[in-house]
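Here the structure comes first, spelled out in structure tokens, and everything after it is commentary.
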Amino acid sequence: MSYDHKAIEAKWQGIWEADRTFYVHEDPSRPKFYNVCMYPYPSGAIHQGHVRNYTYGDLLTRYKTMNGFNVLSPMGWDSFGLNAENAAISSGVHPRINTEAHIATMRAQIKRLGSMYDWDRELASHDPTFYRWDQWLFLEMWKRGLAYKQEAPVNWCPKDQTVLANEQVIDGLCERCDTPVIHKNLAQWFFRITDYADRLLADIETLDHWPERVKTMQRNWIGRSEGARFTIEVDGGGSFEVFTTRPDTVFGMTFCVLAPEHPLVESLITASETELAAREYIAAANRVSEIERLAEGEKTGVFTGAYAINPVNRRKVPIYIADYVLMGYGTGAIMAVPGQDQRDWDFATKYGIDIIRTVQPPDDWDGEAYVGDGPTINSGFLDGLDMAAAKARIIDWMVENGIGEATINYRLRDWLISRQRYWGCPIPMVNCPDCGLVPVPEDQLPVLLPDIEDYLPKGRSPLAAVPEFVETTCPQCQGPAERETDTMDTFVDSSWYFFRYPDAGNDQAIFDPPKPAYWMPLDQYIGGIEHAILHLLYARFITKVLHDMGMASVEEPFSRLFTQGMITLDGAKMSKSKGNVVDPVELFASHGADALRLYHLFMGPPTDDAAWNENGVDGTRRFLERVWKIAGDEWEFIEREPDDRDRDLLGLAHRTVRKVTEDIDRFHFNTAVPALMVLSNEFSDYLGDEPIAATHREVLRLLLLLLAPMTPHIAHEMWEDNGFGGMLATQAWPSWDEELAREETVTLVIQVNGKVRDRLDVSADITAVQAEQLALESEKIQDWIDGQEVRRVIARPPNLVNVVVG
RNA sequence: GCCCGGGUGGCGGAAUUGGUAGACGCGAGGGGCUUAAACCCCCUUGGACCGGAAUCGGUCCGUGUGGGUUCGACCCCCACCCCGGGCACCA
């Protein structure tokens, strides 16, 4: 009987669904395992990145189920967002229609992969039954002072009169009309994530099963730095505050720099000799993005015409405007100490500003700015102190003189959550001319997103053009009022959706706390590395807020995080826009879901980017054909007692159980698959030469159990055909017998001066003394020693002996 | 520019973390099966070279580049080159 993957895969997908094998409920008698793949954006069709993600996720669902866990693996849709809105603008079709069609298509494709979910818990962020709880959460944030409105710059296209997302700005131009984009201030909604900066930073240390690199990125993103904040007077009146991590170097301040957006700039440049140049410079800075400003190779700036007074020595120093200082970090103004900061050094050199060293560099120092520690010099009462002592002393001085104090600064900024977009969750606030900002009462939620036909923003959110939506009454005074027309960042949806799966149908509350209390935290969260910072940080933040509200039992949502690499083809990320996609749906038909899943597991380390090989699925398909033959052929068994060949094959099978188990536990799927290939190759050889039925049956049983989470359909079919009994998906994961798995002989490598010169087969329990003796007795080794003095022998039994001569 | 990763055969990768570099798969070459082709099966496959001549034996080089540490380095340290992810409105 040939391997008909279409029939087999359809059959078992039907059985698992009918049997509700992967539909679960809270069960305190069993250990739980909450397993989530980051919910996808419904782009229209699944791509190989999804297949990779869901193959890993489903492998774990099935593996943990076989290991006795109560596994919850849900699926949902991140269905609001810019792409659907852009598609609607160009097609005129409402984003809901496209989005829901995409969800239906992708759901069917995911099911075709054989990836199993508890679909009773399916959710979609564009669904009012979901986003009303976004709005509820927003109101809770507002109540707690964690939501506020403030002016902030946006990318603005003057021709289209619209706000642009960063990705819609191409080389400083609007992607639609090529008009130069400017920055414009708009009133925006923020979540006060900076209030949680310390906790978000400290609790990274509790994330023992997160990739080190993601933790490092998050630490750096939060960017806690200790330093001082102090006031600098402007010569002729006025002052500004600066933040510095190096207050000890203040005697070396030879200029100051303000960000182009700094509020003091206007008064400093007005009527100055350099006013024109300054205005031009500010306008230019306004046109480029923050990244471009920082990427600029050479530092640029312009003199304001004004001078500041160094508070410690009353020295007059010029005040510049430069775009390497950002309004969003610290105070938007710095004291510049070129002797101790390379950016300041570059700037000072370019503009001919004095450089004064305040830290003595080492004697062999030949660099420019010296940022290291050393005795303080040229600094009056700080001279001779080291960095730490000088910092403490100068901060004391600042406090005594009432000009500054020690402070902690974060690079992290508050989370801007408002979007001037249509396809998102409406922010549930009302603007009343008398009462100001008034929250929509909870019993009036959800504020429904109205259907509209024109999605093009015209200065404000498209919702602003819908009078029936905008015009309302103030919940407080009942007078006429206007609704907020901005929608929420889709990261708001994704920062709490995993709390909703445990109680997805609840129409009375965001969730009933005991339900997520059973399932949370996630035992495994799997998604792309591109989410290492923003999504994961926002989700951690909202979890902490829910915890503080008494809603969440945990402070951290994801106890184990796995970040997968991208799929590339011809050196580029596989994506529709690049036109280099390999459609998984075609491979379901030609090779089968099992062969595709196995190729994804096999193709490389899950953490790394993986290059697609168009023949790769052929290889895993061939492997499955061989296993099919092993399981299904009418073998000529003979009757005899088990001998060495049986023991060898059984030993290999037990070593394979051990290897596959260990590899799955450490997410090394790409080495688990070859172990199965080696076993099946040896198995085939064994069957070609007087096999016995008992060995065939036992090794086949183990092989199918190991294949069950990787290639579930074919494994189930073979399990059933061979009459092993019961559903494979719910069998216990096999254990291995250490005695059977033990290898009797190993290869002892003998080196002379680190180079391999001989190999011997030895007993696996050889001692160091025996290994050394064998090595020295080897004729080849004797030839290499060739009468030289043996200085040392390093023995690492049973694998290696190194003879050091000369 | 800043933060974080990564560079191993023709290709994807392995080396259980300082101890046999190249498992397994793809591709390629050769052979078998076949009227023929496909499928399938068997063999070879990092490079240069030496010996022996049926396919065995051996040497040297080799993990981005250049240094270093070590009995021993793909693995640790320093410097450099190249590629990728993120940089707050793609998600």
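Below, chains carry the letters A, B, ... as their sequence lines are ordered, and counting in each starts from 1. These figures come from a predicted structure and were not determined experimentally.
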Checklist outcome for this item: chi for B/G9 classified (syn = within 90 degrees of 0, anti otherwise) as syn

Checklist entry - Ignoring hydrogens and angles, does a donor from either the side chain of A/N220 or the base of B/C3 sit under 3.5 Å from an acceptor on the other? => result no

Next on the checklist: Determine whether a donor-acceptor pair (one donor, one acceptor, N or O, separation below 3.5 Å) exists between the side chain of A/Q751 and the base of B/C71.
Outcome noted: no

Checklist entry - Which of these, A/L164, A/V169, A/T162, sits in a side-chain contact (heavy atoms from CB on, under 4.5 Å) with A/C174? => result A/L164

Proximity to the side chain of [X] - top-ranked nucleotide from [options]:
| X | options | value |
| --- | --- | --- |
| A/E530 | B/A91, B/A15, B/A88 | B/A91 |
| A/N681 | B/A91, B/A88, B/G25 | B/G25 |
| A/D78 | B/A91, B/C71, B/G13 | B/A91 |
| A/R666 | B/G19, B/C41, B/A15 | B/A15 |
| A/N613 | B/G86, B/G85, B/G25 | B/G25 |
| A/E662 | B/C4, B/G13, B/U16 | B/U16 |
| A/A165 | B/A91, B/C90, B/A23 | B/C90 |

Checklist entry - Using 4.0 Å as the upper bound for N to carboxylate O, is an ion pair formed by A/R621 and A/E625? => result yes

Item to check | Pair A/L760-A/D758, side-chain contact (heavy atoms from CB on, under 4.5 Å): steps then yes or no | outcome: CA-CA 7 Å; A/L760 301 174; A/D758 200 6; 3.9 Å; yes

Does the side chain of [X] get closer than 4.0 angstrom to OP1 or OP2 of [N] through an N or O atom?
| X | N | value |
| --- | --- | --- |
| A/R757 | B/C60 | yes |
| A/N670 | B/A14 | yes |
| A/R219 | B/C4 | no |
| A/T216 | B/C4 | no |
| A/R791 | B/G72 | no |
| A/K755 | B/A21 | no |
| A/R419 | B/C89 | yes |

What is the distance, rounded to the nearest whole Å, between atom [atom1] of [X] and atom [atom2] of [N]?
| X | N | atom1 | atom2 | value |
| --- | --- | --- | --- | --- |
| A/D609 | B/C82 | CG | P | 20 Å |
| A/I222 | B/A88 | CD1 | C1' | 13 Å |
| A/D346 | B/G1 | CG | P | 12 Å |
| A/D160 | B/C89 | CG | P | 20 Å |
| A/R759 | B/G57 | CZ | P | 12 Å |
| A/L536 | B/G86 | CG | P | 13 Å |
| A/L601 | B/C26 | CG | P | 16 Å |
| A/E212 | B/C3 | CD | C1' | 15 Å |

So what does [X] touch, heavy atoms closer than 4.0 Å: a base, only the sugar-phosphate, or nothing?
| X | value |
| --- | --- |
| A/H531 | base |
| A/G616 | nothing |
| A/Q168 | nothing |
| A/N615 | sugar-phosphate |

Given the [atom1] atoms of [N] and [M], what is the spacing between them in whole Å?
| N | M | atom1 | result |
| --- | --- | --- | --- |
| B/C75 | B/U20 | P | 13 Å |
| B/G57 | B/G22 | P | 16 Å |
| B/U8 | B/C83 | P | 14 Å |

[N] pairs with, by Watson-Crick or G-U criteria that keep both distances under 3.5 Å:
| N | result |
| --- | --- |
| B/A28 | B/U44 |
| B/U35 | none |
| B/U70 | none |
| B/C87 | B/G1 |
| B/U17 | none |
| B/C56 | B/G51 |

Item to check | Residue mapping more 5' on RNA chain B - nearest nucleotide basis, A/V154 or A/R792 | outcome: A/R792

Checklist entry - A/G604 or A/V678: which one's nearest nucleotide on RNA chain B is closer to the 5' end? => result A/G604

Checklist entry - Does a side chain donor of either A/E368 or A/Q342 reach within less than 3.5 Å of an acceptor in the other side chain? => result yes

Item to check | A/F667 and A/F562 aromatic ring geometry - parallel, tilted or perpendicular at 30°/60° bounds | outcome: parallel

Next on the checklist: Quick one: does any side-chain atom of A/E85 pair with a main-chain N or O of A/P95 as donor and acceptor, under 3.5 Å?
Outcome noted: no

Checklist entry - Taking the six-membered ring of A/Y148, is NZ or CZ of A/R192 closer than 6.0 Å to its centre and within 45° of its axis? => result yes

